[in-house]
**Q** 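Input: one structure, supplied below.
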Amino acid sequence: MRIIVLDNDTDFEGWRKASRRLALNDVKPSEIAWTVRRDDELSSASCANELPDTPQAQFNVSAKFVELAKAAILHRSDARFALLYRLLWRLRSHHDLLSATDDPDVAEVHAMARAVYCDIDRMHAHLRFREIGRERTAHYVAWFEPEHRIVELAAPFFAGRFADMPWSILSPDVCAHWDGHAISITPGVAKSEVPSEDRLEEAWRRHDNGFSNPARLKVMEMPQAYWRNLPEDSIIKPLIEDAMRMTSGAFIARKAIEPQRQDHPMARKQVQDKQAHDTHDAIAALRAEAADCRACPLWKDATQTVFGEGPQGATLMLVGEQPGDKEDLAGHPFVGPAGQMLDRALEEAGIDRARVYITNAVKHFKFVPRGKIRLHQKPGTAEIRACRPWYVRELAAIRPQLVVALGATAAQSVLGKITPVNKNRGHLIDHDGTKVLITVHPSYLLRLPDEKAKALEYQRFIDDLKIAADQLRDSAHAA
Ligand code: URA
């Protein structure tokens, strides 16, 4: 029996290197025991003598297997390394093995990868950062207990979403810290130790990124299932409870649902119904909260906050720039001339507006008065940034399959940075796990003076929307 010791529980590269050498030397799966080095053991290099020399032969596996293995290795099952090696071993002579869905190994690896992806989705949807404190330089902290070892893989999503704020996600496996430039990973913290202010301070000091001042402590909002279990003597627990009471952001946390078994179709349906209901509630709560938004001065002159609208379970999210004159008065997005043009284009692209969640990057109307007219003003970066958390929270609540950004302001909000429309329009962009399509804003089409150019540009706009329609159809078929 060969004992292969990997560096850590998610050591994909170590597993890959070892597996390659073992398979090339015809070492049978039954002859290998996989284990992970514990802190008091020497590096896995010390175990390299368990591995045979690498022969010259070539050995390739499909990208599909690599992708599957990278996900499955994050599963908490102790059997994962052996299962992956068994698959690798069998793939040498059975290239289509992964398509054999009734094969027990294949079914198991798919189930593991699915469980991991679900856990990542759950973390993306339910982890909430909360600011408590009054320092100028905010710090945000989250405590999260994932079912699988997903924190490293899930963390870049939050770096994209919350690029402007330094945060730490603490978990029992590892902690991820974002300083505005890069994510660093430190060892996990035990639940019994977390979270006390001292402990958080220590975690920050350990990765020493310059925001370790305990006076800057900000605490997150976390799913109730987790925060209610915190030790009674935790300094943070009452802060969180207060914060949860005070804001409707708490509503989303309250709605956090525990992982549920979805094996039975009836159970799956019930979960889907519950999720749809939760989404609806979450958006209603966000809308109520945003009604009093004072994050930038635009609220002073606007009639009201115009929040996003759309059905529960919308698979497509459209993001515009900001409400115009009509929207400001009506309180609904895209009901004026740009909205009419959008409706027409959506219909021609085969997209039913009634099934789309529609929102704006900036949720108050920015204008200058000119006599009786209120003249639209393009929102600036400060306003886009101030309003972005609403978009981020809408995205987390709706979790669409695709986001279409209409124009430069929307693209800046959706991608978190200035993004030229013409250079980036018309193809799918993967932004931290969210598929994004950029196209022009319908108002741009309305403003074009030349009829021929207008017709051409309108057709291009429809072509872009058709890419969205195709993408939604493809993912519906794949589901
Ligand atoms: N333009 C937008 O970007 N959004 C609206 O809601 C209306 C016009």
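Order of listing sets the numbers, starting from 1, for every ligand and every atom in it. The basis for the numbers below is simple: all heavy atoms, side chains too, and nothing from hydrogens, waters or symmetry mates. Numbering starts at 1 and runs along the sequence shown.
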**Q** Can you name the nearest heavy-atom pair linking Leu98 to Val106, along with the distance?
**A** O-CG1, 3.4 Å

**Q** Using modelled atom types only, decide if a donor and an acceptor are shared between the side chain of Asn424 and the backbone of Pro420 within a distance under 3.5 Å.
**A** yes

**Q** Identify all N/O pairs between ligand 1 and the protein with a separation under 3.5 Å and present them as a table of atom names and distances.
**A**
| unit_1 | atom_1 | unit_2 | atom_2 | d |
| --- | --- | --- | --- | --- |
| ligand 1 | 1 (N) | Gln322 | O | 3.3 |
| ligand 1 | 1 (N) | His441 | NE2 | 3.3 |
| ligand 1 | 3 (O) | Glu321 | N | 2.6 |
| ligand 1 | 3 (O) | Gln322 | N | 3.3 |
| ligand 1 | 3 (O) | Gln322 | O | 3.3 |
| ligand 1 | 3 (O) | Asn360 | OD1 | 3.2 |
| ligand 1 | 3 (O) | His441 | NE2 | 2.6 |
| ligand 1 | 4 (N) | Gln322 | O | 2.9 |
| ligand 1 | 4 (N) | Asn360 | OD1 | 2.6 |
| ligand 1 | 4 (N) | Asn360 | ND2 | 3.4 |
| ligand 1 | 6 (O) | Phe334 | N | 2.8 |
| ligand 1 | 6 (O) | Asn360 | ND2 | 3.0 |

**Q** Using only heavy-atom distances, determine whether the side chains of Gln322 and His376 contain a donor-acceptor pair under 3.5 Å.
**A** yes

**Q** So, His126 versus Phe144, ring centres under 6.0 angstrom or not?
**A** no

**Q** Between Asp464 and Thr439 (side chain of the first, backbone of the second, donor and acceptor by atom type, cut-off under 3.5 Å), is there such a pair?
**A** no

**Q** Between Arg80 (side chain only) and Ile73 (backbone N and O only), is there a donor and an acceptor less than 3.5 Å apart?
**A** yes

